[in-house]
Amino acid sequence: MLKLSRYLKPYVFLIILSLTMLFGQGMAELFLPNLMSDIVNIGIQRSGIEHSAPEALSEDAFGLLCSLMGEENRALLEKGYDKTEINEEYIKRYPALANGISGLYVQNGSVAPEELDSAANCACTALMLTIKDFSENTGITSENNSSSSDSIDLSAFYAFSETPYFTTATEKHIAEAEKYDPTVSSQAGASFAQVFYRELGADLSAMRTGYLFRLGGLMVLITLCSAAASIAVSFIAARVGAGIARNLRSDIFRKVEGFTSAEFDKFSTASLITRTTNDVNQVQLIVTMGLRMICYAPILGIGGAILAASTSLSMSWIIVLAIVLLFVIMIIVLLTAMPKFKVMQKMIDRLNLVTRESLSGLLVIRAFGTERYEEQRFDKANKDLTSVNLFVNRVMTFLMPLMTIIMNGVSMLVVWVGAHLIEQSQMQIGDMMAFIQYSMMIIMSFLMIAVMFVIIPRASVSGGRIAEVLGHECSIKDPDDPELLENVRGEVRFENVCFRYEGAENDVLHDIGFTAEPGRTTAFIGTTGSGKTTLISLIPRFYDVTEGSVKIDGIDVRSVTQHDLREQIGIVPQKGMLFSGDISSNLRYGRRTAGDDEIQLAAQTAMASEFIEKMPEGYSSVVSQGGTNYSGGQKQRLAIARALVKKAPVYIFDDSFSALDFRTDAALRKALKKYTGNSTVIIVAQRISTIMHADKIIVLDGGRIVGSGTHNELLESCDAYREIAVSQNSANKV
């Protein structure tokens, strides 16, 4: 996969933008549990009162708090509050002021609310400890011991604060309260804050409703922003993934277009199709999901772990336990499934190969009645792939149930441990709920990673297969400083040419030397496997010679670019391959600028016009893929016409007349002689009748030239040629 990382460069800006949005989305998601915790702890349990130190205190309440503080906290409280005259505005906010409350102290903003809260929490805790101590020593209980703020009677506290016992007890409990757990102190402070507000007649219901609406609205806004970021990231990820897939397919196609026959011998057609389609899709999937999940999971996991620890450090061991279990499960799954992904891609290649062969050779299959055999062959390839897929999927099916068990187990453990902490006043209900959500986020992040662990190995294999094609060095390359082919006459010369296929032990061609001259026809004949097609494949550089040289007009074909070389050659291969479209587009394939008159002349020369003009749509008649809607002879004539439209200095016909009847063959050769004019014509044939009028006939046997001359000369001098002629009853045809 790293070898394909260069395809990410055009999308660096989009990737950075996506990561920024993911970070924002992650922060939004992580912020929501804290808001939910505040809604429970503050909005519901504390009636929306955020601070333990009220904004306003009655003179009696202010005096009570001061009596419960040490010197430092008392100085802080006196600095943070000012005694204020009671006016209409304060009476409107605190209606009980109209009932004769003597004085009012209001925060002046000179001390941070958090510092005042800490001081108030300590004072309220000292008061609780004093009351508890009084109850235990005297055996007298009071409603003021209740945890509910509704049952606390401030007038009783004010009276109690005047007793000698209160003064003596608080001296001990003030110092003790400062050492108390902040969670416990804050709960005491929150309870008394409600009492102090109620004393002033504040509308606690309105305060609760306002707080809930404010935080609820903020949660909705954050959720909408998170959703917008998620949609934007999904759009960007899809765009980047599709763009990379498009570029990969284009580069693979361009690379394969430059492959020579040697490369096609190494990479099968079915494998190249799989690499261009299925493998590219796997890479696209990993890019699209990777931007969305691989980058998001660490943000969610790490952020969730930090915030969970800050919520309750005493329960962090639950998160650690869950992470260890998740790691063990993922490693087992990865080690089990990883080796199968490479096997799976090869089996997809095999299935494509079998399918392609069956569809391409359907007529042969029907002719030999081997449908059952082909069904069995396809069934085996299909079942092999299915078996591997099932194995991988069965391994993966264990993943989700195990994740669910861990998620539910963590939730139960958090509730069980959290309940004990709440009972001991070391944790609040909202914090426990937030901790559960953070735990789920952490597990979900690992679940995302687990899903990516399933996709990454397969995408890695696919990326390696793609990189193998893109990184393959073609055996035939253009020269760094190419020569130019100008005013080409078309003389083709072989000088001491030897050729050997890659990996072969022996040469296929041995010391081949001849000259094919412009305006003349040079023909090759020989037994099957004598090297005829291999020899002419060296001219357009489908292969490069092992020794010797092939020259056009005295210029070595290896010293010019492949494009310039092939522009000078009109070639008709053994198999007349046609492309989907119409007849006109196929004939113009070699020269797009050819006019209607030119393609009609080429078709007449190739004896194709006689069946084209009988068709209702003429040259606009449809050609199906591979030209399967035309006979073998018709396809050959159209392929010949396509080469003639090119008007090249050199024409190569590789056994291109084999499907023609003798009458059409003779007529075509006669017309061809006139059409090609001064061009060099090279013909490979199996039939003596096709080449007997050639200016020069070269006989190949075992990769060597065993005869060269005209038809009559070879009948006299070449035994191999004479045997071929006698076998075809052509010896007496002069």
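From a predicted model like this one, the values you see are computed outputs, not experimental measurements. Along the sequence shown, the residues carry numbers beginning at 1. Note that these values count all heavy atoms, side chains included, but never hydrogens, waters or copies made by symmetry.
Shown here are the side chain to side chain donor-acceptor pair (under 3.5 Å) partners of Glu502, two or more places apart in sequence or in another chain: there are none. Glu375 meets the side chain to side chain donor-acceptor pair (under 3.5 Å) test with Arg372; sequence neighbours excluded. By the ring-ring contact (aromatic ring centres under 6.0 Å, His included) test, Phe514 pairs with Phe494, Phe524, sequence neighbours left out. In terms of the side-chain contact (heavy atoms from CB on, under 4.5 Å) criterion, residue partners of Ser585 (sequence neighbours excluded) are, by chain and number, Asp582. Residues forming a ring-ring contact (aromatic ring centres under 6.0 Å, His included) with Tyr589 (at least two apart in sequence, or on another chain): Phe579. Every residue was checked against the side chain to side chain donor-acceptor pair (under 3.5 Å) condition with Tyr651, not counting sequence neighbours, and none meets it.
Leu714 contributes atom CG, which lies 11.0 Å from atom CG of Asp719 (distance to the nearest 0.5 angstrom).
Centroid-to-centroid, the aromatic rings of Tyr721 and His711 come within less than 6.0 Å.
Looking at Glu517 and Arg520, a side-chain N of the basic residue comes within less than 4.0 Å of a carboxylate O on the acidic one, giving a salt bridge. The pair Glu491-Lys551 fails the salt-bridge criterion, with no side-chain N (NZ, NE, NH1 or NH2) lying under 4.0 Å from an Asp/Glu carboxylate O. Looking at Arg687 and Asp665, a side-chain N of the basic residue comes within less than 4.0 Å of a carboxylate O on the acidic one, giving a salt bridge.
Other residues, nucleotides and ligands place more than 12 heavy atoms under 6.0 Å from the CG atom of Asp695.
Taking the ring axis of Tyr543 as reference, the NZ or CZ atom of Arg500 does not stay both within 45° of it and closer than 6.0 Å to the ring centre.
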Q. Checking side-chain contact (heavy atoms from CB on, under 4.5 Å) for the pair Asp655/Gln686: CA distance, chi angles, key distance, verdict?
A. CA-CA 7 Å; Asp655 201 12; Gln686 299 286 353; 3.6 Å; yes
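Arg588 and Ser584 share a side-chain donor-acceptor pair at under 3.5 Å.
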